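Below is one structure, written out as structure tokens, with a few remarks after it.
All values below come from the heavy atoms of this structure, side chains included, with hydrogens, waters and symmetry mates left out. Proteins get letters first, then strands, A, B, ... in listed order; numbering begins at 1 in each. Everything numeric in this text was worked out from a predicted model, so none of it was measured.
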Amino acid sequence: MENYIVKVKSYYNDEVIQYGTGIIIADTWVLTAEHVVCGNRHTVEISGCEISIKEYNSMNGVAVLEAEKKIPWKVQAFSDDEILDESSNWLIQGYIGTQQKTHEITGTGFHIVETSNVWDCSLINIVTGSAEDYVGLSGSPVFCDGRIVGILQMQAFNRMGLLGIRMTTVKMFEPLLPEKAKFGNEYLTQMYEKSKKYTEMQLNKNLKSKKYIPSIFVEEGDYKEKARYFAEPVLFVQKTLKEIMQLDFQKINAVLKEEAKEIDFNGLNVSVTVDNVEDVALELTEKIKMAVDNIRLLEKRLYKRKLAWSEYYSIWQNLLNSSITFVMGEWLENLEYATKKYLLLTKDAGQGKTNFLCDFTTNFLIRKGYLVLYYNAYDFNQSPMSYIHKQLTMNEQYSMEYVHKILLREWERTKRPVMIIIDGLNENTLIKNFGHCMRDFLEECEQYPYIKVIMSTRNELFQERFGVIEEGGYQAHYKKMDMRLIGDDFKNRIFWGYMQYFDISIRPNALSQSAYDMLTDDVLLLRFFCEVNEHQQQIYLYDVYKYEVFQQYIEKKAKEYHENEVILNQNNILFMLLDKIVGYMIEKKEFFHVPVSVFSQEEERMLIKMLENEVIFKDEQVIKSGILEKSSMTISFTFDEFRDFCITNYVLEHFSKEDVFMQFWKGMREDNLTIREGVQKYVFYLSRTKYQKDLGPIIEKVSEYDELYWLYIWGVQDDYLSYEDVVKWKEQVLQHGSYGRRVINYLLMRYDCDCFHNLNIKILFELMDEIIVDMGEYHCFMQEMFGVHIKDDYKLLYHDSPKAVYPYNYLVRDLLDCMGDEEWNLVHRELFRLTIYLFELCHLDTLQLWENLYQNTPDIAVVLLQEMNTHDSSLIQGNVIDILEGLLGLELGDQDERLHNLYENNRYKNSTLQNLSTVFEFVLGDKIE
Amino acid sequence: MKIRQDFVTNSSSTSFIISMKENWSEKSFLKAIGVDGESPMNIIFEDLFEAINKNKQDLFSYMKECNKGPKEIRTFLTENGYSDEVVQKVNQLLQEGRKVYFGKLSSDGYSSAEVYFCMESFVLCEEDIYFNGQIGGW
Amino acid sequence: MKIFAFEEVYYCVARKKFSLVNFERELCQHLNMRKNSFAYCYSLKIFRDFFQYFKDLRQEYQDYYAQEYGDFEAYLYQKELLEKDKIALFELKYNQTILKLRPSFSSYNVENIIRYDEEGIKILNQVLEDINL
């Protein structure tokens, strides 16, 4: 017997007139049945000693006795939240008879009767411990599911004449209990704790593997909001309802009234509760649909009515020119989620599904105290339901029947589901036909109203692998949410979030729009990029060189996979594995779906590592034909470009003889294989970079070399560009080749000569210096490459796009807009130099630009003018003079000796004045004569 | 409030009819529409005046440019989307000897006010002013 | 009160428990135009179209999102996607809220008043400057 269950005696004078059992509930309090304390003095027995009772309180036949002395005690768990029905098992422990011997009774079944004010429940089906008289047991605790659910109150004969027992449930005396003793349902309390612990562990795994990076999670689009509707319908249906009630349809109803189609949501002005949420959601949906239909109909009819435009517009602009139908459409969509049970999220590979799910689980489900079980699909080797059962029954500690009852009751009380999260369906490798398995699982879930499931998988090959999920019998409860949309806010946050997380800083003004776009359009590439550049500071980010990123990524991963192993060549296994995959692909001329069966066990382990931690590989199930068709697990590269890169590496490393390589090259071009474009690109890149010495001469021999050169040279890092390239590029411009404009554009963008050492804007200046010798030619060059573009305000021209590479007026406008601090002006100084070359295309704005430049950063302006003041061309010198005159007109400029000196030393000015005076004299002389 | 030209992509131009009791001037226009004190909002209506002033033309000379004679008011206004009621009103104004102007506002006009009122549908019919901008929208 | 426009999303700083009725009452007193005239009605309409379907973000945060986000600022940053420097511009006091204005609910056209240049918003803010709601 537990020592908190104690003997109680009630005396009349010195004679015991009543025996009972008590429960210590606090350091001086003992709980028992009120009828036990019927004498004029009472005691409780603690460790063989009787302690007197000072006084007692009571309600509904239950008494709390206050002892004169403190009693050792600990908190006991009373609960009115257990299920008490015919199948619940119960246990009573107490002291029976006048001897007060310990006694236990067990049985199955409660029968709630709410007719008496001292008892409310009969205990039926006594299994053990029945007696002819239960005297002494009054006040004994009745246990069910590990909680005290009531105390024994009385014995009575039932209708069949059998002696039965009755109890007072906790509900009737709950105010007598100290707060600490009041507990919820034992199972639920444990389950909530366990599920939280388990799910947090799963989330931690994802945190550790960096699949979940909280700091870079961005709530893009309305996806999270929709998930909220899905998970917490009561709160969020109320939200939509409130929004709807805010709308004013008065004016539009004045028109709709004519056809008795008025919009009216007033009937729905209710508070959403667990009992009406489904009905409200449905009714709201219907009403919104009807409102939208009515408005749309009005729009159509208005059109048909053949009104004069003046009348048409008075109705249209004043009633219909708003986003209200569109907004109602969005609300409808949200409401749809509130009524669903299964939600499948799809997104492209590596774009943040796991991050989304982990965020939603951490910041919504766990914070709000949901019972949530988070699974990574790659862990499953049997149906998800078997894992769920196991966890919900706590390894069969509870029966599923009991669990079902409790969870159903909880669902009906709160409408908060048990949330099952299954991340990355596509990553499961252990179950054949996993799509079918998931469909069967969801069908099974139909039996459990309280279960909701959120799953995620990739968009790629969704139909092939998981299309079957969309065919289950649960379609009314199923919704697929394609999270394809990527907004600018998302890009901005994800980009800088990654940079911060991987501790990468970018040099000021050294991030180009194209590099930013490339990385933010593909979060997977961004991820690769950041992993290989972790802890790099002050990097230039004008371009992203994918081949470099891929190369470094493989090397990094090869090391990581063997971090804790002693291996002579860490890279070997990964590279050998990649070779094997690529070798298979080349041999079969099939560049997807390499069957897993070709790999050894050790290789498979490596594959799994890649699947689990990384985003390089994905697995597919395809029907493979031998003599028989059979299903087989296969793997492919996620990133086509990465695959092409690996293939290129393989080819270069394995086809050591030139003729073998050439044979492959020719075959690839002739067969027009999927990999052709990618491989030739990487071959070209490698021939210019890592394998320049060996591969360069070979590739230069192929007949299409020139075509490849002009196609891919733009993506080669500056370090690998040479003097030969400079010559080639200049030729294109000087001889009006087809790539001349591209060359100019390229050089223009490489204005940062500290970053680009070989081919940069200085080559453009060299070119211009060569051309300027012929003024006619120079003029044509300026017009072609930098001709001013004036927007056609009158829209006389249908096609009104600029013809020049970079219209000079746009360049000046952009410089005026962006110029700022010294740092910016210094990085862009060569672009300011360019304006001296192009001055005559747009005098006034250029003068303004120089005035601003001089006022912001006089030193930069002066140095540039100084350098250009001695230019060989008189045209350039003349331009410098014009600018100097402008600056000298400024108060600040006039005081600057350096400007005066420059002005005085300008050869063009001096020679022109001299020349002019000659002409002047000549003309005057003429006249005199 | 001048606006930048390069942002407006789709454009629309919508017609207006305006007639004032007093002589045409910014002052009389602003007075007629109720701008009679210091308010930051005044600038919107001043810009509206500027837009109307720039784009308005005497109704008859506008009609002439469209090869319509002075007797073809009904045809002209109907073709331009106005209802009978408007035609009657314009005729009434002309009979009273008032000058009636016709013109167009443009959604890529030079001020936000022009863009805004170009897309609004309104009619102001008072003793001092008749201003019909009912046709407004894409 | 003050309107902020961030990439065609409009916010207005106002006191908590902002009410449209009080706002219009105050506004009428600040317009300084002939009552019920064209200019008066249009000025009123412009403000009404901007404010009619305001969303009180602090209220919304408290009613639906408080459990999810640590505080109101975190909610603005994560849910509203407002950058921290922009949140700082609000200079929000404890008794103030942010109204998210949804003019398109009333009229697509009214945004034209402030979409294309900074003047438009300045004008509206000059009127709002004197309204302390």
>> Strictly below 4.0 Å, N to O, side chains only: are Glu220(A) and Arg493(A) in salt-bridge contact?
In response: no

> Can you tell me if Gln513(A) and Asp517(A) form a side-chain donor-acceptor pair at under 3.5 Å?
Replying inline: yes

> Given a strict heavy-atom distance threshold of 4.5 Å, which part of Gln52(C) is in contact with chain A: side chain, backbone, both, or neither?
Replying inline: both

>> Quick check on the interface: out of Asn492(A), Asp248(A), Val218(A), who has the most heavy-atom pairs with chain C under 4.5 Å?
In response: Asp248(A)

>> Is Ser104(C) in contact with chain A via its backbone, its side chain, both, or neither, using a 4.5 Å heavy-atom distance?
In response: both

> Taking the six-membered ring of Phe249(A), is NZ or CZ of Lys287(A) closer than 6.0 Å to its centre and within 45° of its axis?
Replying inline: no

> Thinking salt bridges, do Lys2(C) and Glu129(C) make one under a 4.0 Å N-O criterion?
Replying inline: no

>> Just so I understand: if I count every heavy-atom pair under 4.5 Å between each of Glu80(C), Lys55(C), Lys45(C), Glu83(C) and chain A, which residue has the most?
In response: Glu83(C)

> Considering only heavy atoms, which portion of Glu243(A) lies under 4.5 Å from any heavy atom of chain C: side chain, backbone, both, or neither?
Replying inline: side chain

>> Whether Lys224(A) engages the ring of Phe356(A) as a cation-pi pair (distance to the six-membered ring centre under 6.0 angstrom, angle to the ring normal within 45°) should be assessed.
In response: no

>> Report which part of Phe236(A) has an atom under 4.5 Å of a heavy atom belonging to chain C: side chain, backbone, both, or neither.
In response: side chain

> Hey, is the main chain of Arg15(C) close enough, under 3.5 Å, to the side chain of Asn132(C) for a donor-acceptor pair?
Replying inline: no

> What part of Leu20(C) lies closer than 4.5 angstrom to a heavy atom of chain A: side chain, backbone, both or neither?
Replying inline: neither

> Who wins among Phe105(C), Tyr53(C), Tyr69(C), Tyr64(C) for the most heavy-atom pairs under 4.5 Å with chain A?
Replying inline: Tyr64(C)

> With a 4.5 angstrom heavy-atom cut-off, which part of Leu247(A) approaches chain C: side chain, backbone, both or neither?
Replying inline: both

> So what's closer than 4.5 Å to chain A heavy atoms on Asp63(C): side chain, backbone, both or neither?
Replying inline: both

> Cationic tip of Arg228(A) within the cone over Tyr65(C)'s six-membered ring, i.e. under 6.0 Å and within 45° of the normal?
Replying inline: no

